[in-house]
Protein chains: 2
Amino acid sequence: MSAQIDKKETTGFSEDEVLRQIEQAVLDHRLPPGTKLKEVQLANLFGVKRGTIRKVLTRLAHSRLVDQTPNRGATVAKPSVKEGRDLFATRRVIESAILETLVASADDRMIRHLKKLLEREEKAYRRGDSELALKLSIDFHRELAAMAGNSVLEEYLNDIIRRTPLVILTHLGNDKENRCRNQEHVAIVDAIEQGKAKKAVKIMHRHLLQIESKIQHKPETPQTDLATLLRPPGERVPA
Amino acid sequence: MSAQIDKKETTGFSEDEVLRQIEQAVLDHRLPPGTKLKEVQLANLFGVKRGTIRKVLTRLAHSRLVDQTPNRGATVAKPSVKEGRDLFATRRVIESAILETLVASADDRMIRHLKKLLEREEKAYRRGDSELALKLSIDFHRELAAMAGNSVLEEYLNDIIRRTPLVILTHLGNDKENRCRNQEHVAIVDAIEQGKAKKAVKIMHRHLLQIESKIQHKPETPQTDLATLLRPPGERVPA
DNA sequence: GAATTTAAAATTGTTAACAATATATCATCA
DNA sequence: TGATGATATATTGTTAACAATTTTAAATTC
């Protein structure tokens with residue numbers, strides 16, 4: 001009744017590629033929290049051995065993107081309200097530190113690069129391409145972290161960013177409201193350009209609190225679905 | 001020439017226990033950076049299968065305590081000067097946030113508990129038991145993190161604490177100077193008790209900068225030795 | 001003797017078969 | 001019907017044997 005998922009022809013991915021694809025699926029809000037992740041199913045989907053999937057799941061569990069329980073396999077993690085709050089609070093701390101560092105060393109080239117990113121982001125918003133807009137919004141935050149030049153801060157922010165979609169999906173639903181506002185990104189870059197660290201931090205705080213303030217009620221538990229949602233482009237559905 | 005390390009009789013540890021023992025060995029400055037970690041050797045030492053060691057090494061690599069290179073195995077990580085600086089800079093950020101949070105919610109019970117810890121720490125210092133003093137000093141920082149009540153901040157601080165010995169050993173040597181000073185810990189608790197967050201943060205900054213300022217020169221590369229240093233208590237050496 | 005090549009040993013990486021556990025299916029009975 | 005228990009299936013966990021690679025050692029050549 002739930003047997004053959006073919007897909008043997010694909011060339012086969014490396015362990016890192018599989019990991020990144022799953023992480024990307026979470027970032028894109030395609031993998032709802034609570035989704036069961038069966039080893040053989042994933043192995044077939046990606047055209048790899050079960051052992052590879054096994055290692056990937058362990059790594060994902062280590063970064064708290066999946067929950068692993070002995071003998072019962074892995075599911076996409078479902079952060080608690082508490083964890084969600086802690087995550088956002090920590091994010092404010094990390095992003096503030098990034099901005100303080102960045103303002104001290106920002107040059108024209110960086111500012112220009114950031115503004116180019118923001119233009120693309122705004123264009124995506126106007127065009128109504130919310131998928132691309134979300135991606136570019138994430139890129140903006142990541143770019144700030146990379147520019148600050150502290151690899152550990154960058155590492156931690158990326159960790160938080162990866163976990164954030166799970167918090168949003170479990171405690172906010174998939175509303176369009178819960179996205180970064182391009183306008184605020186612009187204001188942050190302006191503050192950086194002016195060398196006003198405190199101002200940049202203040203805007204960033206408001207920016208993050210806007211989303212954070214909403215995570216308190218958990219509306220309902222949506223039913224999990226099959227894992228064909230791992231493939232971003234059009235894909236055929238096996239018989 | 002480097003063949004049989006017996007040790008088959010031991011009861012055998014679980015995966016998590018093996019992980020913790022290795023982490024503890026790093027914390028205790030018993031595992032110098034660069035030490036080769038051979039799978040079968042570790043498997044024999046802990047009385048577990050090679051697969052278990054393999055998973056543990058992967059997990060340790062994920063938290064950057066070991067470096068893994070394909071086909072060439074794992075070694076205890078050797079952080080660069082840059083990584084060391086970034087680590088300490090981030091630690092200041094995290095510990096500051098912890099203190100700010102903590103001061104807002106500290107009660108008498110917490111203060112009393114902290115003071116008790118400090119007494120034990122001071123006693124260990126006076127007695128000259130620098131091993132215990134180091135351990136208690138780490139406990140102090142961890143306790144602050146736990147009391148703040150933000151699980152993500154706590155998680156990150158623990159991550160940093162685990163990696164810190166590797167930075168110290170590679171770029172500072174094993175001097176007694178590079179340890180936390182009990183006196184400063186006392187001053188931090190006093191500031192918390194008085195509800196002065198800014199003051200506590202300032203002391204903490206000075207506290208951490210004192211160590212951080214020294215990581216610039218890397219004296220030499222000490223030779224790696226065998227991994228019998230994994231056992232804290234007295235152990236027999238096989239023929 | 002130093003450098004290069006060849007062979008041996010040690011170490012890591014992979015796989016398929018098996019074992020253990022959990023989940024689903026179905027029959028039985030109150 | 002609904003609960004209980006037995007059987008079958010599906011899923012995860014483990015292991016030992018094998019393959020691939022690197023490191024070490026020895027042999028050869030100049």
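In the text below, chain A, chain B and the rest are named by the order of the sequence lines, each starting its count at 1. Owing to the predicted nature of the structure, the values given are computational and were not obtained by experimental measurement.
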Identify which nucleotide among dA22(C), dG13(D), dT14(C) has an atom closest to any side-chain atom of R72(A), counting heavy atoms from C-beta outward.
dA22(C)
What pairs meet the ring pair (Phe, Tyr, Trp, His ring centres under 6.0 Å) rule with one or both residues in residues 52-71 of chain A, with sequence neighbours excluded?
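Ring pair (Phe, Tyr, Trp, His ring centres under 6.0 Å) check on residues 52-71 of chain A returns H62(A)-H62(B).
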Between [atom2] on [N] and [atom1] on [X], what's the gap in Å once rounded to a whole number?
| X | N | atom1 | atom2 | answer |
| --- | --- | --- | --- | --- |
| L57(A) | dT11(D) | CG | P | 14 Å |
| E39(B) | dT11(C) | CD | C1' | 8 Å |
| N71(A) | dT21(C) | CG | C1' | 5 Å |
| E15(B) | dT14(D) | CD | P | 8 Å |
| K49(A) | dT14(D) | NZ | P | 21 Å |
| R54(A) | dT14(C) | CZ | P | 15 Å |
| K55(A) | dT14(D) | NZ | P | 16 Å |
| I53(B) | dT15(D) | CD1 | C1' | 15 Å |

Below 4.0 Å: OP1/OP2 of dT12(C) and any side-chain N or O of K36(B):
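The answer is yes; a side-chain N or O of K36(B) sits under 4.0 Å from OP1 or OP2.
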Does K38(B) have a side-chain nitrogen or oxygen under 4.0 Å from the phosphate oxygens OP1 or OP2 of dA10(C)?
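So the side-chain polar atoms of K38(B) never come under 4.0 Å of the phosphate oxygens OP1 or OP2 of dA10(C).
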So, under a plain 3.5 Å distance rule, would you say the side chain of R50(A) forms a donor-acceptor pair with the base of dG13(D)?
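Side chain to base: pair found, below 3.5 Å.
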With a 4.0 Å cut-off, would you call K55(B) and E39(B) a salt bridge?
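Here K55(B) does not pair with E39(B) in a salt bridge, since their nearest N and O are not under 4.0 Å apart.
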Could you walk me through whether T75(A) and D67(A) satisfy the side chain to side chain donor-acceptor pair (under 3.5 Å) test, starting with their C-alpha distance in whole Å, then the side-chain angles of each, then the deciding distance to 0.1 Å, before giving a yes or no?
CA-CA 5 Å; T75(A) 61; D67(A) 285 337; 4.8 Å; no
In chain order, what residues pass the ring pair (Phe, Tyr, Trp, His ring centres under 6.0 Å) check against Y125(B), with sequence neighbours excluded?
none
Distance-only polar pair, side chains of Q24(A) and D28(A), donor-acceptor under 3.5 Å
yes
Tell me what G51(B) touches on the nucleic acid: a base, only sugar-phosphate, or nothing, going by heavy atoms under 4.0 Å.
nothing
Take P70(A) and P70(B), find for each the nucleotide of DNA chain C with the closest heavy atom, and name the residue whose nucleotide sits nearer the 5' end.
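Taking each residue's closest nucleotide, the earlier one in sequence belongs to P70(B).
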